[in-house]
*Asks:* 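Dropping a structure here in structure tokens format, bear with me for questions.
Side chains included, hydrogens not; waters and symmetry mates left out as well; all remaining heavy atoms used. Read the numbers this way: they start at 1 and go in the same order the structure lists the ligands and their atoms.
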Amino acid sequence: MKITILGTSAGIPTKNRNVSAVAVQFQNEREWSLFDCGESTQKQIMKTPLSIFKLKNIFITHLHGDHIYGIFGLLASRGLQKADSPLNVFGPKGLKEMLQTVMRLSGLNLPFELNIVEIEREEVLVFKNYELFAVRLSHSITTFGYVIKEREKEGRFMVEKARKMGLPEGPLYGKLKRKERVVLMDGTILDGDGFVAPPKPGKTVIIGGDNDDPLLFLPFKNPDLMIHEATYTSRDFEKLQKKYRHTTALQLGIAASEISPKKLILTHISPRYESEKDVEELLKEVKLNFDGDVEVAYDLMQIEI
Ligand SMILES: [Zn+2]
Ligand SMILES: [Zn+2]
């Protein structure tokens with residue numbers, strides 16, 4: 001799975017950070033999915049090899065502007081360029097009204113099929129190569145985080161082993177691949193099981209939306225990757241007069257020590273943290289409680305798992 005973090009800023013874009021969006025590509029799939037679509041996400045996509053023609057699903061965590069205002073421009077551009085493959089958009093209640101209203105008022109007629117699916121409660125969406133868990137988060141409006149659970153991958157056929165034994169290529173290989181038992185002309189019995197590598201477990205990835213309670217992801221322990229907001233350091237959060245419902249780096253470290261992701265990525269960074277020193281402060285706070293692999297996201301960061 002290849003993950004590209006397209007935008008990493010909270011609330012407003014900065015010179016170096018655009019607002020929220022994460023692209024996910026599955027191995028051997030030409031199409032890809034987008035999680036959130038803040039303003040200017042289509043410009044961020046242009047800086048990557050990804051194409052909006054191959055974009056198949058958009059999953060929106062919540063309807064705050066920094067997570068969705070980019071979708072209107074993206075849909076319009078995809079339409080103007082005459083893309084004709086269907087696009088599915090998932091998100092909380094209100095998504096349909098929001099999209100349809102903007103499209104109606106601006107006379108936007110799309111040349112492709114747009115399927116809008118509203119998620120009203122925690123549920124599991126089933127796709128060909130993975131399941132997607134929508135997890136209700138704690139924020140000022142209805143918000144879902146998403147957990148991708150890839151299906152187990154079939155074991156690879158060990159073609160080198162078959163060749164080494166001098167077995168002729170052709171239908172025989174097909175039978176072994178299907179783990180069948182094969183009797184050769186000379187009476188040798190081959191067991192297909194021995195020619196197929198054990199299946200590989202699928203990966204689990206948590207993509208959190210805005211949320212002030214990261215422990216809501218505790219049912220998904222030991223994920224391969226957890227991308228979660230850490231908008232402020234706890235020290236700055238204490239000083240805020242109006243408290244928004246976000247996670248601090250300190251709080252995320254405490255939660256991560258329980259959830260134990262193999263890799264933790266902090267994102268949705270407040271515009272106040274611009275310098276490398278500021279980023280270090282966020283990291284320092286997480287590390288007080290979490291001693292695993294952790295990084296602060298930057299725009300166009302790529303992670304392969
Ligand atoms: Zn936000
Ligand atoms: Zn929000």
*Asks:* Taking N, O or S atoms only and a limit of 2.8 Å, check whether H62 reaches the Zn ion (ligand 2).
*Replies:* yes

*Asks:* To the nearest 10°, how many degrees is the angle D66 OD2 to the Zn ion (ligand 1) to D210 OD2?
*Replies:* 170°

*Asks:* What angle, to the nearest 10°, do the atoms NE2 (H139) and ND1 (H64) form about the Zn ion (ligand 2)?
*Replies:* 90°

*Asks:* Indicate if the distance from the Zn ion (ligand 1) to the nearest N, O or S atom of H246 falls below 2.8 Å.
*Replies:* no

*Asks:* Is the cationic atom of K177 (NZ for Lys, CZ for Arg) positioned less than 6.0 Å from the six-membered ring centroid of Y173 and within 45 degrees of its normal?
*Replies:* no

*Asks:* If only atom types and distance count, is the side chain of D66 paired as donor or acceptor with the main-chain N or O of G11 below 3.5 Å?
*Replies:* yes

*Asks:* Between K149 and F133, what is the shortest heavy-atom contact and its length?
*Replies:* CD-CE1, 3.6 Å

*Asks:* Do R245 and S140 have side-chain N/O donor and acceptor atoms under 3.5 Å apart?
*Replies:* no

*Asks:* Restricting to N/O/S atoms, is H268 within less than 2.8 Å of the Zn ion (ligand 1) or not?
*Replies:* yes

*Asks:* Check this for me, if you would: do R235 and E281 make a salt bridge, where the nitrogen-to-carboxylate-oxygen distance has to be below 4.0 angstrom?
*Replies:* yes

